[in-house]
Structure formats: structure tokens, C-alpha cells
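Note: hydrogens, waters and symmetry copies are ignored here, and every other heavy atom, side chains too, is used.
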Number of protein chains: 2
Amino acid sequence: MLAKELNLAISTVSKALRDSHEVKAETKTKVWDLAKKLNYQPNAFAAGLRAQKSKTIAVIFPELANSFFSLAIKGIEEVARGKGYHVLIYPTHECKEQEISFAYRLMDGRVDGLMISLSRGTTNYDHLIDLNQKVPMILFDRISDDIDILKVTTNDYESAFIATQHLIENGCNKILYLEALKFTSAGKFRLQGHIDALEEFNLSYNKQLIIDCDQSDQENYYHIKHGLVSNKPQGILSSIEKLATLCYNACKELNLTIPNDVKIVSFSNLETAHLWSPPLTTITQPAFEIGKEAAKLLFQLLDKKQIDLKDENKILKSAFIKRGSSAVCETFT
Amino acid sequence: MLAKELNLAISTVSKALRDSHEVKAETKTKVWDLAKKLNYQPNAFAAGLRAQKSKTIAVIFPELANSFFSLAIKGIEEVARGKGYHVLIYPTHECKEQEISFAYRLMDGRVDGLMISLSRGTTNYDHLIDLNQKVPMILFDRISDDIDILKVTTNDYESAFIATQHLIENGCNKILYLEALKFTSAGKFRLQGHIDALEEFNLSYNKQLIIDCDQSDQENYYHIKHGLVSNKPQGILSSIEKLATLCYNACKELNLTIPNDVKIVSFSNLETAHLWSPPLTTITQPAFEIGKEAAKLLFQLLDKKQIDLKDENKILKSAFIKRGSSAVCETFT
DNA sequence: CTGTTAGCGCATTCAC
DNA sequence: GTGAATGCGCTAACAG
């Protein structure tokens, strides 16, 4: 408050700044003018301490240099900013210890709420349970069914199912599945959706057609090429875009034309799919929307303070499939 | 502090937690045990208010869903975390008003320092000058020479010069330049480096060979294709990776083989270049390193408090060129 | 070794 | 309308 001492009492200035009705208009303008001149902003820590709230949320997530999480955080930030909140970031780099460390650090009253996307190694959730007792939180994307906290995620199962169906209906009897992110909920759901779709349409499920691509680019490329040569699939379902790129190159090396010889469908976050020639058929994860929805849910929690929407919005799902820029089918909810 | 009242005085607990030498070991362990049991963390706002520091830095930058800034922020976060600092993010979406709004909001003592990458429209720097009087800051990547604040950026001029030289030395007498980010310092330096290299090697500078690609993908594609057809260049220098992708597709449509008919060199942040076939020759901007260096510089400022390294580290530059995964030439400083 | 006190800057309560 | 007093939770100076 300081420099205001030039004339008035501390409390009067405080009231003036908050446009209280019990301050003369003349006094107010005088205060406002000086405040503007000095670029005065009430100290956030003092105000926060007083009000017992930080106007800040945090996001704990696996990886910054990742288009999915970048977009999700973009969505989170937009919602938060709309509410006048600040956003702290805590990338774990898929490291469980880092995640735990962040969780305990965030019990210091620095944030009013937080959003978490689990790191790769996280199998024990004590830190989240502890944290959740002190600050409301939402899980997004990298979730676990073993923990009773509100969640927002994509409908990976249904998306993979529909994508597989799409390939089958376009004449693919043999489909190569490029598996990635085995350790995540999304990775598991995608594979399961694919497998169930195969069964639904009476196609034999063959383990050889599932290529494990959680290796280096070189190894993945080798395995994909091998899979193409030895199985001669008519269709390919890639669980992440990067593998589709590798597969695309492998097809070219093998002189397989797309989509005549082989059709490719891929999960995708990057918006480069339409740059391909021919364009890739994609299942776009609405990362931005997930961030937004998850953040909205968090603010519902913050507003209603513990009101039991525990049973309401448990899981919010979405995804859609498109080829280049024209939609093949949409399942956005 | 609260629950500790079960036995001791508030200040004794405070001292015990900070492992003060003037507290009995027995008392300490008693305090520590309870603290652990209750997952106690000293309130950050109270401590911050007391100490007059926030242990927090902020980053104001144009775009989150952008591989360059994602990587830069990753670098910033790593350095900050190493120092025990928290990181707030403020994406402006290239909106000048947003940038100004953030700047004034951050005068509330919430942060000890900050890093800024200018938004597209920013031409007036009053908000930064005002802000810089209250909190130390560093400019990175999207800088301006019109403001006297420490800066960290890439050596775009030299990189474009070397890339052009590289093409010329590989037999390209006619080079198409795909221009983007005209409104940024980087965009201007890249073009100038290219032009100066042409002159240095006595190649005629022809405006027709500079394609303005700050449009939509469709328009850019059209202009690039037109440029290829009408000029028949042997080399292409793309100022961003996305344009290189478009150009690549255009070449294929025109049945131009790479690199036989035409050689492509591109600035790049994405690590997808090596996925191409044939691999793209790239000038990789070390986004991660820029973030790290800029953050280190900020912490120097914070530590030394205003010590006049104003004249020291003014600009830190770096970049290197490689083809696929093998380096063509490195100029990392 | 432990406890008492004061003050960081703000917003609220109550007195003038 | 305005001002003085209080406390948010913490730490550091000082007293016991």
C-alpha cells in the first residue's frame, strides 16, 4: 500500500481500490489516478493469504514437448484465464518420482486446484490421495481406474473400434495394428477396441498383426517393414501419428501405393495429417477440448465446493475420425 | 501451523522444520514425524509474503501449441525447477492486448522474474518498461532491438547465410526462398542472411524467388507450386518446416525428385525431419537450449540483483545444420 | 533450548 | 466517509 500514505489511511485506499460504496467518489478517483500512475497492483501473496485462496491452478503432466499435452494445456489455460486464474506447470518427463515430488510440494497452499495426467511409471496413488485431501483435482487423459477422482479422457476404445470397422468395411481383411503407449490407459483401450472390432466382424485375431512399437524409430521401422512384407495387410491402424509416418515411408520403400495397396488410419494430434499426399485418414484426439472440459470440471468443483457431482460427470469422452479435412464419421460428445 | 499446537510454540516448530541448531534433536524428530503424518507444508503465500519473494517465475510467449515454444519452456522449466522455482505460463496467442494485460497483472508481486517472447503485434514497449521496473526480465526468441533488456535468441542471420552457401556450393544457382514470419525478428534476419549470401556469391537477387508464405496452407501451396514451375529452381530454402512439407508435396506432384532435381533445406523445430524419405536437410533451432540459457541468465539477474551484466551477455546465439541425423555443419555457440 | 513479539500487505470489522 | 485495529501463517529477532 505504501506510497498511498501521501494522504489517506490504508484501509480507505483499500476500499477505494475495491470501489466500495462507502468512499467518496472524489477520493476514489484520486486513489485510482495515483494507482495508475504508479502501476500499483495489490500484492497477490498478501491478498491470497488474507482470502485463503491463490487464484492459481496447477497442471501436472508427462511431457511438454508433445502436441497432445501442449494443446490440452492450452485449453486449460484458456478456461483458467477466463476465470481470472493463473496456471502453473509441472512436467514430470514420465518420471514417477518427479510426479510425487510435485504432488507434495503443491500441498503448500500455492494452488486452489489442479489437473493431473499420470506419468508412465505411476502405479501407486498415495500421493494423489494425500494431495486430493488438501486440494480439489481432476485427472485427464492419462488416468487410472484405481483411483476415485473425477476424470476426463478420450473414448479410445470406441475410436479404435470404429476405425477398425471403417477399414473392414473398406475391404481390409487383414489389418496391421501399430501398438504404442502400451503402458497407458489410452494405449490399452485402443488395442482392445481394435481386437473387439475384429471379433465383432468375425476376423481372426492374429498376434502377428500386432506390432509392438514402443522402441526406437529405427527398430519400429524395421518391425513395421517386416510386418508389411510377411503379412501383406490391406489395412493399417496406427495408434500414434509418428508410427503412421514411419509406415508411410516403409510403404513407399516397398512400392506399396496408398490407399490402393494398403489403407492407413492413424490416431493423431498433430495437424500435419492433411499435408500428406495422399492425406492420412486420422482419428483426431480433441486434446484442446479435453483440456477445456477438464478445467471446466475443476472450476465446478471449486465453485460448488465438494458438492457431490462425484457421481455425475465421472468420465467425459470424445474423438472423431476424418480423412484429410473431410469427416468420415464423428463421435464427439 | 495449527495442529502443532498439541505441544510446542509456533516458532519452535518453525525452527524445528528448518532444522535449526537451536532445537533439541528429540523435539525435531517429534515435529518432523507429525509433519510427515499430516503432510504438512508451510504455507507458500505466508512464507512468500514474509520473505518478499515468490520462488516463482513467469513466461509470456506467443503460442503454446508450437514445438519451438514448447521446447523453450521445457528448458526454462528445467532450470527453474533446479533452482526450486515454480513456473507460471501466459500464452498470448499472438495478441498484443493479451500481452499487455499479462504484463500489468504480473506487477502484483506474484513472480520474482520473468521471460518474454514478444507477440506478433507488439510494437510499443511501454508495458515491458513498466514491468521491468518492478521485476527483472529476459527477452527470448521474439525480441526487439528497440528495448534495452537482456535478450537470448538464435543466430538466424548466420544460419540462413550458411544454408544458402550450402545450397550454392552444391550447385544451386537459382534458389527459391519460402518466407514466413515476416513480422518477427527471426523472419527478417533469415531473409537478410539469405539475400546477403546470394550477393556474397555473386548470384543475382531476384524478388520472384522470394515466396511470401504467411497465408493459408492452400494459398502457400499454390504459390510454392507456381514458384517451382515458373522459376525451375535447383534449390529451396524454407524458413519454417511446415512450408518445407508443402514444398515436398508440391515437388512430388510435379515429379521433381529430391535431391536430384531440387534440393531442400529448411529451418526446423520438429524432430520429424529424419522421418522423411529422403531426409530433409535442416537448420535446427535449439529451442530447448534457448530456454535454458535464457532462464540461466534470468537467475543470474535474480542472484546478483541488478549487477551490471547489462553489457555482458546481451545476445546469445546458436543454431546448427544437419541432414537427417548426420551433421552437415555446426555453428553452436 | 524454548517462547514471545513483531511485521510482511491486505481486507474486514468496528469505532469515530 | 474515514481511520484504527485485527488476523491470515510465517520467520526472524530477541528474551527468557
Side-chain angles (χ1 to χ4, degrees), chain A residues 1-36 38-56 84-86 104-112 134-135 305, chain B residues 1-36 38-56 84-86 104-112 134-135 305:
Chain A
M1 202 57 83
L2 250 136
K4 272 73 189 176
E5 309 305 8
L6 305 178
N7 14 29
L8 296 162
I10 263 177
S11 60
T12 309
V13 175
S14 177
K15 284 174 196 161
L17 287 170
R18 321 196 94 242
D19 200 9
S20 163
H21 58 279
E22 50 175 339
V23 174
K24 202 170 25 174
E26 184 195 349
T27 311
K28 281 186 195 170
T29 45
K30 209 157 53 179
V31 172
W32 290 344
D33 286 351
L34 185 61
K36 191 172 297 175
L38 301 180
N39 288 314
Y40 173 82
Q41 292 289 127
N43 182 284
F45 279 20
L49 181 58
R50 179 82 233 285
Q52 297 291 21
K53 50 211 283 289
S54 60
K55 282 283 189 180
T56 306
Y85 272 66
H86 300 252
Y104 285 97
R105 279 222 287 167
L106 284 172
M107 294 180 192
D108 64 0
R110 184 178 297 273
V111 297
D112 294 340
K134 306 214 171 193
V135 27
K305 295 194 187 234
Chain B
M1 201 59 83
L2 250 138
K4 271 72 189 176
E5 309 304 9
L6 305 178
N7 15 30
L8 296 161
I10 259 177
S11 63
T12 309
V13 175
S14 176
K15 284 175 198 161
L17 287 170
R18 322 195 93 241
D19 199 10
S20 163
H21 59 279
E22 49 176 337
V23 175
K24 202 171 25 175
E26 184 194 351
T27 311
K28 279 185 196 169
T29 45
K30 209 157 53 179
V31 172
W32 291 345
D33 287 351
L34 185 61
K36 192 173 298 175
L38 300 180
N39 288 314
Y40 173 82
Q41 291 289 128
N43 182 284
F45 278 20
L49 181 59
R50 182 80 234 285
Q52 296 291 21
K53 51 212 283 292
S54 60
K55 282 282 188 181
T56 306
Y85 272 67
H86 300 252
Y104 284 98
R105 280 221 287 166
L106 284 172
M107 293 181 191
D108 65 0
R110 185 178 295 273
V111 297
D112 294 340
K134 306 213 169 193
V135 27
K305 296 192 188 237

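- Looking at B/Lys15, its side chain comes within 3.5 Å of the base of C/dG3 through a donor and an acceptor atom.
- Taking only side-chain atoms of B/Arg50, from C-beta outward, the nucleotide of D/dT2, C/dC10, D/dC10 with the closest atom is D/dC10.
- In the set D/dG9, C/dG3, D/dT11, D/dG9 carries the atom at the smallest distance from any side-chain atom of B/Ala46.
- B/Ser54 contributes a side-chain N or O that, together with a main-chain N or O of B/Asp112, makes up a donor-acceptor pair within less than 3.5 Å.
- Of the candidate nucleotides C/dT2, D/dG3, D/dT11, C/dT2 has the atom lying nearest to any side-chain atom of B/Lys24.
- B/Thr12 has no side-chain polar atom (N or O) that falls below the 4.0 Å cut-off from OP1 or OP2 of C/dT2.
- B/Arg18 has its CZ atom 10 Å from the C1' atom of D/dC10, to the nearest Å.
- Distances from the side chain of A/Leu49 to the nucleotides D/dT11, C/dG3, D/dG9 place D/dG9 closest.
- In this structure, the side chain of B/Trp32 engages the main chain of B/Ala16 through a donor-acceptor pair within 3.5 Å.
- B/Ile10 places its CD1 atom 14 Å from the C1' atom of C/dG7, with the value rounded to the nearest Å.
- Distance from the side chain of A/Thr27 is smallest to D/dT2 among D/dG9, D/dT2, C/dC10.
- Within the nucleic acid shown, A/Gln52 comes within 4.0 Å of sugar-phosphate atoms alone, with no base atom in reach, counting heavy atoms only.
- Listed nucleotides: C/dG9, D/dA12, D/dT2. Nearest to the side chain of A/Asn43: C/dG9.
- Taking the side chain as every heavy atom from C-beta outward, B/Arg110 and B/Thr56 never approach each other to under 4.5 Å.
- In this structure, the CZ atom of A/Arg110 is 14 Å from the C1' atom of D/dG9, given to the nearest Å.
- We find that NZ of A/Lys55 is positioned 17 Å from P of C/dC10, with the value rounded to whole Å.
- Atoms CG (A/Leu17) and P (C/dA11) sit 8 Å apart, rounded to a whole Å.
- If you take NE2 of B/His21 and P of C/dC1, they are 10 Å apart, rounded to a whole angstrom.
- Between B/Tyr40 and D/dC10 there is a side-chain N or O to OP1 or OP2 distance below 4.0 Å.
- You'll find that the side chain of B/Ala47 is closest to D/dC10, out of D/dC10, C/dT2, D/dG9.
- In this entry the distance linking NZ of B/Lys53 with P of D/dA12 reads 11 Å, nearest Å.
- Contact of the B/Leu106 side chain with the B/Val135 side chain is not registered, since no non-hydrogen atoms from C-beta on lie closer than 4.5 Å.
- The backbone N or O of B/Asp108 lies less than 3.5 Å from no partner atom in the side chain of B/Lys134, so there is not a single donor-acceptor pair.
- Between A/Ser11 and D/dA4 there is no side-chain N or O to OP1 or OP2 distance below 4.0 Å.
- Atom CD of B/Glu22 is separated from atom P of C/dT4 by 15 Å (rounded to the nearest Å).
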